Visitor: 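Take a look at this one; I'll ask things after.
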2 protein chains.
Amino acid sequence: MRPALNPSPRPTARDAIIDAAIRLWSRNPGATFSEVALHAGVGRATLHRHFRNRDELLTLLAEICIAETNEAVAATIVQGASARRQLQGMFEAVIPLGDRYSFLYRAEIGDEHTTAEYRRQLEQVAALVGRLKSEGAVAADVPTAWVVAQIDQLIWSAWNEVASGRIAAADAADLATRTLLYGLGKEKQP
Amino acid sequence: MRPALNPSPRPTARDAIIDAAIRLWSRNPGATFSEVALHAGVGRATLHRHFRNRDELLTLLAEICIAETNEAVAATIVQGASARRQLQGMFEAVIPLGDRYSFLYRAEIGDEHTTAEYRRQLEQVAALVGRLKSEGAVAADVPTAWVVAQIDQLIWSAWNEVASGRIAAADAADLATRTLLYGLGKEKQP
DNA sequence: CCGGGATGGTACAGAACTGTCTCAAGAGAG
DNA sequence: CTCTCTTGAGACAGTTCTGTACCATCCCGG
């Protein structure tokens, strides 16, 4: 075999651990290392071989989630598009990641680099809100922090409703955009 | 002293524990019994005298929070008022309770009575949404579950913004109502 | 002044979790 | 086939949390 460009030679176990940890800690942030190993179908010792301790795994997960989100957003956003269209694109990209993203809300990440990266993401959203305002898509008299918070919450609840089957995945992004810009007080605007 | 109508003869310690537990577990659901005792300014032994174990305390806290919310809502809602007005009243009543209410989102309550009571609260909100729809304040084509989720999220984020000082407490309920009904896409409606 | 009840501090055993180690088994490359 | 690397299983000690018990102290009412 040629020298692997991929640094992980046999990634199955490692990937299974990462997946199980994200899935499990999303629902129960206090879940035990043993439980993670069990759900990953992996021995607890193997888990410790890949990740020295809880913090190391948690930090990696956070980095993965942030990177996945950045990637998804970057792939969807069209540079020349209107801010209004970029908002819609962001919803479309990020809502399906809800289950991988959600544990970040609860996790207490100590790592500086990770928190800085997260803050950077929020700032990007704030910048998008600024563009929405100058386009007239969002009212100027609303605090930007409030709009950012609403976008965050909409992503979360949209994924939540999709995951529980109450809303079709295809409708989620539209519904989120509509809710943010026009509210739920009248029929859908053109 | 006459036989106390109040079943708790010397409530200071007990109250301090309840308060500290709500405050602490809201931020850190995994906080230890020792930490709760420490923050309550009470010996750990005393804590165990009042509450046999974690579940007992947690269940009581949930019941208290639900009762507080019911009480606050009931005191504010005017029977004859429009659903639109009742929504505003609910926001005004519940947003200030955010810090006491928030830990319920994360806590895993096993108690049947408590979860039933919580479900009942959600159903009341759903009923309010139904009335909003028949009044024409909320569009009929939006799933009720979505509206309920938005109301829940608005309460949480409104309290959050108030708590972090980014938004004035007096404006919070108005902003939440506006966001829900009219969205953030245009200047405030009359 | 005196006694009962609540409290704080501490000690203790049991349980759960963590992190490390060892050893046997299995899968894949050469 | 053989060698190497990874894995699963389990043992182990150390730490933390839990729930209980005990005792000295304090406050309150009588």
Side-chain angles (χ1 to χ4, degrees), chain A residues 1-62 64 103 106-111, chain B residues 1-62 64 103 106-111:
Chain A
M1 185 196 258
R2 71 187 192 286
L5 295 177
N6 188 331
S8 50
R10 204 182 293 179
T12 50
R14 186 183 172 90
D15 285 358
I17 292 169
I18 290 173
D19 207 62
I22 290 179
R23 208 179 304 270
L24 200 55
W25 281 344
S26 291
R27 292 175 311 179
N28 174 16
T32 261
F33 241 49
S34 310
E35 293 178 79
V36 174
L38 192 69
H39 277 70
V42 158
R44 195 171 63 90
T46 302
L47 203 157
H48 276 286
R49 279 185 203 105
H50 286 277
F51 307 97
R52 195 177 306 279
N53 52 35
R54 188 189 192 84
D55 271 357
E56 189 174 314
L57 178 52
L58 200 58
T59 303
L60 176 68
L61 294 188
I64 288 175
F103 87 103
R106 326 188 163 190
E108 302 250 336
I109 313 283
D111 185 62
Chain B
M1 184 195 260
R2 71 186 192 284
L5 296 176
N6 189 331
S8 49
R10 204 183 292 180
T12 51
R14 188 184 170 90
D15 286 357
I17 292 169
I18 291 172
D19 205 63
I22 290 178
R23 208 179 305 268
L24 200 54
W25 281 343
S26 291
R27 291 175 311 179
N28 174 17
T32 259
F33 241 51
S34 309
E35 294 178 78
V36 174
L38 192 68
H39 277 71
V42 157
R44 194 170 64 89
T46 302
L47 202 157
H48 277 286
R49 277 185 204 107
H50 286 277
F51 307 98
R52 193 176 307 278
N53 52 34
R54 188 190 193 84
D55 271 357
E56 190 174 314
L57 178 52
L58 199 58
T59 303
L60 177 69
L61 295 188
I64 289 175
F103 86 103
R106 325 187 166 192
E108 302 249 336
I109 313 283
D111 185 62

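Chain letters run A, B, ... following the sequence lines, proteins first and then strands; every chain starts at 1. Source: prediction; values computed, not measured.
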Visitor: What's the CG-P distance between A:L38 and D:dG10, to the nearest Å?
Guide: 13 Å
Visitor: Hey, could you give me the CG/CZ distance between A:L47 and A:R14, rounded to the nearest 0.5 Å?
Guide: 10.5 Å
Visitor: Return the set of residues passing side chain to side chain donor-acceptor pair (under 3.5 Å) with B:R27 (not counting sequence neighbours), or none when no residue passes.
Guide: none
Visitor: Show me the protein contacts with nucleotides 21-24 of chain D, counting only N or O atoms at under 3.5 Å.
Guide:
| unit_1 | atom_1 | unit_2 | atom_2 | d |
| --- | --- | --- | --- | --- |
| D:dC22 | N4 | B:R49 | NH2 | 3.4 |

Visitor: Report for the helix from C:dC1-D:dG30 to C:dG30-D:dC1: angle between first-end and last-end helix axes, five pairs each, rounded to 10 degrees.
Guide: 20°
Visitor: Quick one: closest heavy-atom pair of B:W25 and B:A31, and the distance?
Guide: NE1-O, 3.1 Å
Visitor: Report each atom pair, protein N/O against N/O of nucleotides 16-19 of chain D, whose distance is under 3.5 angstrom.
Guide:
| unit_1 | atom_1 | unit_2 | atom_2 | d |
| --- | --- | --- | --- | --- |
| D:dC17 | O5' | B:T32 | OG1 | 3.4 |
| D:dT18 | OP2 | B:F33 | N | 3.1 |
| D:dG19 | N7 | B:R44 | NH1 | 3.1 |
| D:dG19 | O6 | B:R44 | NH2 | 2.8 |

Visitor: CG of B:D15 versus P of C:dT7: gap in Å, rounded?
Guide: 11 Å
Visitor: Protein-nucleotides 13-15 of chain D N/O pairs closer than 3.5 Å?
Guide:
none

Visitor: To the nearest Å, how far apart are A:D55 CG and C:dC17 P?
Guide: 18 Å
Visitor: Quick check on D:dT7: is either OP1 or OP2 less than 4.0 Å from any side-chain nitrogen or oxygen of A:T46?
Guide: no
Visitor: Under 4.0 Å between a side-chain N or O of B:H50 and OP1 or OP2 of C:dT7?
Guide: yes
Visitor: Measure from CZ on A:F51 to C1' on C:dT20 and round the result to the nearest Å.
Guide: 18 Å
Visitor: Nearest 0.5 angstrom please: A:L57 CG to A:R52 CZ, how far?
Guide: 13.0 Å
Visitor: Taking the side chain as every heavy atom from C-beta outward, state whether B:I18 and B:I22 have any pair of such atoms under 4.5 Å apart.
Guide: yes
Visitor: For A:G30, answer base if it contacts any base atom (sugar-phosphate contacts may also be present), sugar-phosphate if it contacts only those atoms, and nothing otherwise; contact means non-hydrogen atoms under 4.0 Å.
Guide: nothing
Visitor: Would B:H50 and B:L60 satisfy side-chain contact (heavy atoms from CB on, under 4.5 Å), going step by step from the backbone distance to the final call?
Guide: CA-CA 11 Å; B:H50 286 277; B:L60 177 69; over 6 Å; no
Visitor: Could you walk me through whether A:F51 and A:L61 pass the side-chain contact (heavy atoms from CB on, under 4.5 Å) test, one step at a time?
Guide: CA-CA 11 Å; A:F51 307 97; A:L61 294 188; over 6 Å; no
Visitor: Sequence neighbours excluded and cut-off under 3.5 Å, please list the side-chain donor-acceptor pairs for residues 33-44 of chain A, or say none.
Guide:
| unit_1 | atom_1 | unit_2 | atom_2 | d |
| --- | --- | --- | --- | --- |
| A:E35 | OE2 | A:T32 | N | 3.0 |
| A:H39 | ND1 | A:E35 | O | 3.2 |

Visitor: Atom CD1 in B:I17, atom CG in B:D19: separation rounded to 0.5 Å?
Guide: 11.0 Å
